[in-house]
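Here's the structure, in structure tokens; my notes come after.
Side chains are part of it too, since the values below use all heavy atoms of this structure and drop only hydrogens, waters and symmetry mates. Keep in mind that what you see is a predicted model, and the values were worked out from it rather than measured.
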Amino acid sequence: MSQKTPAPPPADNLEAMLARALGKPGAAEAPEPKPEVAEADQRCGYVAIVGKPNVGKSTLLNALVGQKVSITSRKAQTTRHRITGIRTEGASQYIFVDTPGFQTRHGNALNRSLNKTVLGAVADVDLILFVVEAGRFNLADAKVLSLLPPDVPVILLANKLDEVHRRGDLAPWLRSMQERHAFAEFVPMSAKAAKDIQRLFTICEKYLPQQPWIHDAEDLTDRSERFMAAEMVREKLFRLTGDELPYTSTVIIDRFEEEGQLRRIAATIVVEREGHKGMVIGDKGEKLKRIGTEARMELEKLWGGKVFLELWVKVRSGWADDEARVRSFGYE
């Protein structure tokens, strides 16, 4: 990565930041995306998306990229890896880095790996999007905020704005947040609103260094198809087992073969107890079959080709507390 350009100067004052964030009269309107320009004028930079578990980081990343590259579920700790999503808009290429939610409970080997991933992601980026639920801030949010490096500009992204019923409460809340950290910008928004996503591109653009693009304009992620296959199976596993199955379950790809547009994949779902195996397989194998069917359909949509997916379930007691096994299962 090239030398970082100096961060833009802070907003004129807090009231100007509030005016822009809350869309008051006189606030700057988001300009239209710029047309493509010469390589000398291209911008390209890394933007980390951080926050506690379940604040909508993966949903935000998928909306920014325009396609699913990070799995989502209601279960905390769904994202376990540093996921890179790429979006090229006009002359600017945004390389978004989605991170696991920082873990403050259960200091096992898996959670230590997840926290290492978060710290590594924020160490060398041009901009940080600190995601919180609009109008809310608790100890878990504060823990993440305390880890952010002081020399990288941070945007306070107040997500789930559609769930805030009294918008008048936002201004005092934003003022209180500015006392916690010198944020470069406030962005109250909903990751599900297309106009908010487009506005976020415009806000982030000025923080990207002027340098040639790192990836091709059509690239969406730097993760391999093998990795994406494991992630899609894990998403369906969590979604279809609900809160019954502990978060420590994982997915290992045993075989990945390509034959033209056809992919043949064999994967193992790893659980910690014999009782969990029954939850995953279900009555007469129906749950496992549904997990496989939904994951296969998602992968066929992602890749535009046929997928044959075979799933197995194995018990590996205590794997999440075993440093060597955590690494062997693909965690950093």
Problem set entry | Close side-chain approach of Glu258 and Glu225, heavy atoms under 4.5 Å | yes
Seminar exercise, completed: The reported gap from NZ in Lys284 to NZ in Lys289 (rounded to nearest 0.5 angstrom) is 12.0 Å
Problem set entry | Test item: Thr250 and Arg234 side chains (from C-beta on) under 4.5 Å apart, heavy atoms | yes
Problem set entry | Close side-chain approach of Val132 and Val55, heavy atoms under 4.5 Å | no
For this session: Quick one: sort the Phe256 and Trp303 rings into parallel, tilted or perpendicular, breaks at 30° and 60°.
Result: perpendicular
For this session: Would you kindly say whether Thr268 and Asp254 are connected by a side-chain donor-acceptor distance under 3.5 Å?
Result: yes
Exercise. Can you name the nearest heavy-atom pair linking Asn159 to Ala191, along with the distance?
Worked result: OD1-N, 3.1 Å
Problem set entry | Stepwise side-chain contact (heavy atoms from CB on, under 4.5 Å) check, Leu64 with Leu200 | CA-CA 9 Å; Leu64 287 165; Leu200 184 58; 3.9 Å; yes
Exercise. Is a side-chain N or O of Lys57 found less than 3.5 angstrom from the main chain of Lys52, in a donor-acceptor match?
Worked result: yes
Exercise. Can a salt bridge be assigned to the pair Glu257 and Arg263 using a cut-off of 4.0 Å between side-chain N and carboxylate O?
Worked result: no
Exercise. In terms of ring plane angle, is the pair Phe96 and Tyr94 parallel, tilted or perpendicular, where the classes change at 30° and 60°?
Worked result: parallel
Exercise. Is it true that Val315 and Val280 fall in one hydrophobic cluster, defined by side-chain heavy atoms closer than 4.5 Å?
Worked result: yes
Exercise. Are Ile252 and Val270 close enough that some pair of their side-chain heavy atoms sits under 4.5 Å apart?
Worked result: yes
For this session: Inspect the contact between Arg175 and Glu179 and indicate whether a charged nitrogen and a carboxylate oxygen are less than 4.0 angstrom apart.
Result: no
Exercise. For the hydrophobic clusters of this structure (ILVMFWY residues joined by side-chain heavy atoms under 4.5 Å, transitively), does one cluster hold both Phe308 and Val251?
Worked result: no
Problem set entry | Partner of Leu60 by side chain to side chain contact (heavy atoms under 4.5 Å, CB included), out of Asp196, Val65, Leu157 | Leu157
For this session: Kindly give the heavy-atom pair with the smallest separation between Leu170 and Pro188, and that separation in Å.
Result: CD1-CB, 4.3 Å
Exercise. What pair of heavy atoms forms the shortest contact from Asp41 to Ala91, and how long is it?
Worked result: O-CB, 4.3 Å
Problem set entry | Contact check, side chains of Ile291 and Thr293, non-hydrogen atoms, under 4.5 Å | no
For this session: For the residue pair Met177 and His181, establish whether any side-chain heavy-atom pair is separated by less than 4.5 Å.
Result: no
Exercise. When you check the gap from the basic side-chain N to the acidic O, do Lys277 and Glu272 get nearer than 4.0 Å?
Worked result: no
Exercise. Taking Cys44 as the fixed residue, which of Leu208, Ile86, Ile214 is the one that meets the side chain to side chain contact (heavy atoms under 4.5 Å, CB included) rule?
Worked result: Ile214
Exercise. So which heavy atom on Met189 is nearest to which on Arg199, and how close?
Worked result: CB-NH2, 4.2 Å
Exercise. What is the minimum heavy-atom distance between Leu22 and Ala171, and which atoms define it?
Worked result: CD1-CB, 3.9 Å
For this session: Working to the nearest 0.5 Å, report the span between CG of Asp283 and CG of Leu288.
Result: 13.0 Å
Exercise. Going from NZ on Lys143 to CG on Asp141, what distance comes out if it is rounded to the nearest 0.5 angstrom?
Worked result: 13.0 Å
Problem set entry | Whether Ser176 side chain and Trp173 backbone form a donor-acceptor pair below 3.5 Å | yes
Problem set entry | Sub-4.5 Å side-chain heavy-atom contact between Glu300 and Lys306 | yes
Exercise. In terms of heavy-atom contacts, does CZ of Arg226 have more than 12 from other residues, nucleotides or ligands at under 6.0 Å?
Worked result: yes
Problem set entry | Straight-line distance of Ile265 CD1 to Leu309 CG, nearest 0.5 Å | 6.0 Å
Problem set entry | Side chain to side chain, Leu145 and Arg180, heavy atoms closer than 4.5 Å | yes
Exercise. Taking atom OG1 of Thr88 and atom CG of Asp219, what is their separation to the nearest 0.5 Å?
Worked result: 7.5 Å
Problem set entry | Evaluation steps, side-chain contact (heavy atoms from CB on, under 4.5 Å), between Glu205 and Phe201 | CA-CA 6 Å; Glu205 185 178 38; Phe201 281 121; over 6 Å; no
Exercise. If you count the non-hydrogen atoms of other residues, nucleotides and ligands that lie under 6.0 Å from CZ in Arg166, is the total more than 12?
Worked result: no
Problem set entry | Electrostatic pair Glu89-Arg87, nearest N-O below 4.0 angstrom | yes
Problem set entry | Test side-chain contact (heavy atoms from CB on, under 4.5 Å) applied to His215 and Ile95, step by step | CA-CA 9 Å; His215 299 278; Ile95 306 173; 3.7 Å; yes
Exercise. Does a side-chain N-to-carboxylate-O contact under 4.0 Å join Arg290 and Glu294?
Worked result: yes
Exercise. Do Lys236 and Glu298 sit within salt-bridge range, that is, some charged N less than 4.0 Å from a carboxylate O?
Worked result: yes
For this session: Can you measure from CD1 (Ile155) to CG (Leu127) and round to the nearest 0.5 angstrom?
Result: 4.5 Å
Problem set entry | Over all atoms of both residues, closest heavy-atom pair of Gln42 and Trp213 | OE1-N, 3.2 Å
Exercise. What do the steps show when you test Val47 against Asp126 for side-chain contact (heavy atoms from CB on, under 4.5 Å), and what is the final call?
Worked result: CA-CA 6 Å; Val47 182; Asp126 303 290; 6.0 Å; no
